[in-house]
Amino acid sequence: MRVTKAFLPTLKEIPSDATMISHRLMLRAGMIRLLGAGIYSFLPLGYRALKKAIQIIREEMDAIGAQEFHLPALNPVEVWDETGRTEAFGDTMFHIKNRPYVLAPTHEEIITSIARSFVKSYKDMPQAWYQIQEKFRNEPRPRSGVIRSRQFTMKDSYSLDATWEGLDQSYEMHSRAYHRIYQRCGLNFFVVGASSGAMGGTGSQEFMVESDAGEDVCAMNDESGYAANLEVATSRVPPVGRVEENPPAEKFATPEARTIDELVEQFGLVEERCAKALVYIVDNSPYLIFMAGNDQLNESKLQAALGANEVRPARDDELGELTGADAGSIGPINLKTNVPQIADQRLEHANGLVSGANENGYHFRNIDFDRDAKITAYYDLRTVQEGEPDPLGGRPLRVVRAIEVGHIFKLGTKYSEAMGATFLDENGKTHPIIMGSYGIGVERILACHIEQSHDEKGIIWHPALAPYHVHIIALKMQSAEVAAAAEDIYARLAGENVEVLLDDRTNVSAGFKFNDADLLGFPVQVVVGERNLKDGKAEIKVRKTGEREKVRIEEVVTRCQELLGELAQA
RNA sequence: CGGGGCGUGGCUCAGUCCGGUUAGAGCGCUGCGUUCGGGACGCAGAGGUCGGAGGUUCAAAUCCUCUCGCCCCGACCA
C-alpha cells in the first residue's frame, strides 16, 4: 500500500477525549474512530491488526480441533427466557424495539439450542465449537476506548462433553490454546483463578495483562506462582483465635467511637479483636456479617458463599429497623430482630471481641462468638491486602490492576439442564450435556499489546499483529533516483509477501514522515534518501530498538526478512 | 444510576465569570512558488446558524430553563 492512496488519518495532536495510552495511540494512528459511546469504527489500519489477531486465534482454535461457526447476533428473546438470562442480563442486553429480538451478549443459549437438537449420544461428543463474531452489551459506562465497549469482537467457544473428566480435558485444551494465542501475540500475561460470577459453573480462570488502567485487581506472587482475581484471592492471614481470659460480655459506653479505628484508639483495643458488623441485603433477605477489624468485605465472595444473585449494603433506615442501632454500634448481642448472622472465617471460635451493642453509643467487650453470638456459618469473606502471605508459600502478595483478555469457564450443566440438552450414555441413560465456555476479547488483545509496547513516539508493533511489517520512507520522492529506489524495494518486498507500506508523499517533509512512521510503529523502517543512495544504500531502522544500519539496496529485502524473523521470536 | 468535567471551522483550544463591532489562534485543508534526513517557508484562499430547543434583552457563544452528546471517578460488569 502507498500512503498517497491509503486512508490513513493520523493525528499529530492528542485527542482530548482519550486518557488511556492505547486509546490515544489507536486514534492517533488512524486505527479507530468513535461513532458513539462504546462504539468504534475500525479503519483500514486498525482492521488489518484486528484481522491478524483473529487469524492467530483461528489457527490455534483449529489446532485443538475446534470447529468454526457463525451464529446470529440477532436472537429471539424466547431462547434467552429459557435459561432465565433475559432477566439476569437485564438492562445489559440490548432489546430490539419492533420485534421480540435481542442482540446477543454471548452465545451459550444458541449453542445449547443447537446441541439439544443434534447431539443425542455420548458418541457425538466431545465437541468444541467456536466463532469469532460481534457481541453487544449495553454497558452502563463504556470506557478506555476499545477496552470496554458496547459492540466488540469476541472469540467464544463452547465444549460439549459426556463426562466431567471430558470437560476437564476440553478446559485444559482451551487453556493451552489460549497460552499459545497470547504468546504468539507477544503479550505479557498471567493466568488467575477467577470467580464464575453469574455465568454459573464449577471453575474458571482469567487471562490477565497487567495494566494500571485495568478494571480487575489481582493478587499474586511471582515466585510461588500464586495468582488470583481479588474476587477469589485468599491469603494466610492468621485467625483471630481465642484469648485465655473469658469473662462475661460487658456493655460499655463508646459515645465518640463509630469506626474500628476510633474504638482502637480510644480504648486501646487490638484491631482484629473488634468484630465489625455489616448489614447486607442478599437477594432481598438481610444478613448481619462480621469481619475482623478493618478487613474489607468482598462482595463477590459473599455472593458466591451464599449462592446469591444480588448483594447490596443495607440502607441506613434498614439498619435501625433490623438491629436497633445505626452503623458503628451494631453487634451480635441484643439484636432487635433475629436477622441471620454470618462471619468471616478469621473470627471462627474467637473470643475477647468488641462489637456494637445495637444501641447507639454502646459496645460490648469480652464477646465470645461461640458463647454469645448466633453465627450460622463462617466463610472466607475478606478482601486480600497487599503484602499478606500468599496461600501457597506464605510469600508476600503483590496486588496489581489488570485487564482481562480471556476467560475460560467450566460451565457444567447449568445451560443444558435449563434447556433440556441431553444425551444418552452407553447404558441408555439420559444426562445433561456437560459444557464449558471460553472467551477472548479480540480488541483487547490489540489495546493490551499497545499498552505494553509503545514509547513516547507511538506504537511498537510485534510482527504478529503489525498492520504492515515494513514502512518504506522515501525522502524527497520528487528525486527520480529516490523514487526509483523506493519503488524497487517496495516491489521486491511485496514480491516476497512482506506486508509493506510506502510513504510516497511528495508534499510533506522528512520529519513528518519519520514521525508518522514512528507513530504507526511497524517493526522495520526502510529509509530511502539521496544521502545513502549515493553509496547504493538505504537505511534500515528497527522500530523497537531504534537501531539503524546502512544496507545495500539489493540486500534490503533479505535484511528486512531477517530482522522480522528475529523480532517475531522476541 | 450517583458525583464531576466538557461541547466554538477537520484537530487542539482561546473567548463565556462581567451580554455589545464582522467570532479568533495554531495545526490541518485548497492554489502557486521555494524547500526536502526528524512534525519547513512565503503569498493567496476556503471553511463555523458557537451541540439542540425555548426564554430574558434593543442586543446572546456569553444570562436563565429544558434537552442531547462525549469524557472522567464511583456503582455495575455475563
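When reading the values below, keep in mind they use all heavy atoms of this one structure, side chains included, and skip hydrogens, waters and symmetry mates. Letters A, B, ... mirror the listed sequences (proteins, then strands); counts begin at 1.
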Base-pairing mate for [N] - Watson-Crick or G-U, with both contacts under 3.5 Å:
N: B:G69; value: B:C6
N: B:C36; value: none
N: B:C76; value: none
N: B:C43; value: B:G31
N: B:A14; value: none
N: B:C63; value: B:G55

Using whole Å, what does the distance between atom [atom2] of nucleotide [N] and atom [atom1] of [X] come to?
X: A:E215; N: B:C72; atom1: CD; atom2: P; value: 10 Å
X: A:I147; N: B:C77; atom1: CD1; atom2: P; value: 19 Å
X: A:K513; N: B:U35; atom1: NZ; atom2: P; value: 16 Å
X: A:D91; N: B:C77; atom1: CG; atom2: P; value: 13 Å
X: A:R141; N: B:C70; atom1: CZ; atom2: C1'; value: 12 Å
X: A:R505; N: B:G39; atom1: CZ; atom2: P; value: 14 Å
X: A:E139; N: B:A75; atom1: CD; atom2: P; value: 15 Å
X: A:R148; N: B:C72; atom1: CZ; atom2: P; value: 12 Å

Just checking [X] against [Y], ring centres under 6.0 Å apart?
X: A:W129; Y: A:F69; value: yes
X: A:W461; Y: A:H449; value: yes
X: A:F409; Y: A:Y438; value: no

Span that lies between the [atom1] atom of [M] and that of [N], in whole angstrom:
N: B:G37; M: B:C77; atom1: C1'; answer: 50 Å
N: B:U57; M: B:G48; atom1: C1'; answer: 25 Å
N: B:G7; M: B:C50; atom1: P; answer: 14 Å
N: B:C29; M: B:C18; atom1: C1'; answer: 37 Å

5'-most contact on RNA chain B (nearest-nucleotide basis), A:D518 vs A:G38, goes to A:D518
- Starting at the 5' end of RNA chain B and moving along, which residue's nearest nucleotide shows up first, A:L519 or A:V508?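 The answer here is A:V508.
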Would you say the base of [N] and the side-chain of [X] have a donor-acceptor pair closer than 3.5 Å?
X: A:E530; N: B:G37; result: no
X: A:E13; N: B:G39; result: no
X: A:Q478; N: B:C36; result: yes

Would you please say whether a donor-acceptor pair under 3.5 Å links the side chains of [X] and [Y]?
X: A:Y415; Y: A:E82; value: no
X: A:E451; Y: A:S22; value: yes
X: A:E134; Y: A:T153; value: yes
X: A:T10; Y: A:K12; value: no
X: A:Y178; Y: A:E60; value: no

Heavy atoms only, 4.0 Å cut-off, all strands: where does [X] land among base, sugar-phosphate and nothing?
X: A:Q525; value: nothing
X: A:I14; value: sugar-phosphate
X: A:R28; value: base
X: A:S144; value: sugar-phosphate
X: A:G439; value: nothing
X: A:K457; value: base
X: A:D17; value: sugar-phosphate
X: A:L11; value: nothing
X: A:R548; value: base

Can you tell me if A:F512 is stacked onto the base of B:G39, using a 5.5 Å centroid cut-off and an angle below 30°?
no
message: So, does A:S509 get its side chain near the phosphate of B:G37, meaning an N or O under 4.0 Å from OP1 or OP2?
response: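 A:S509 to B:G37 OP1/OP2: no side-chain N or O under 4.0 Å.
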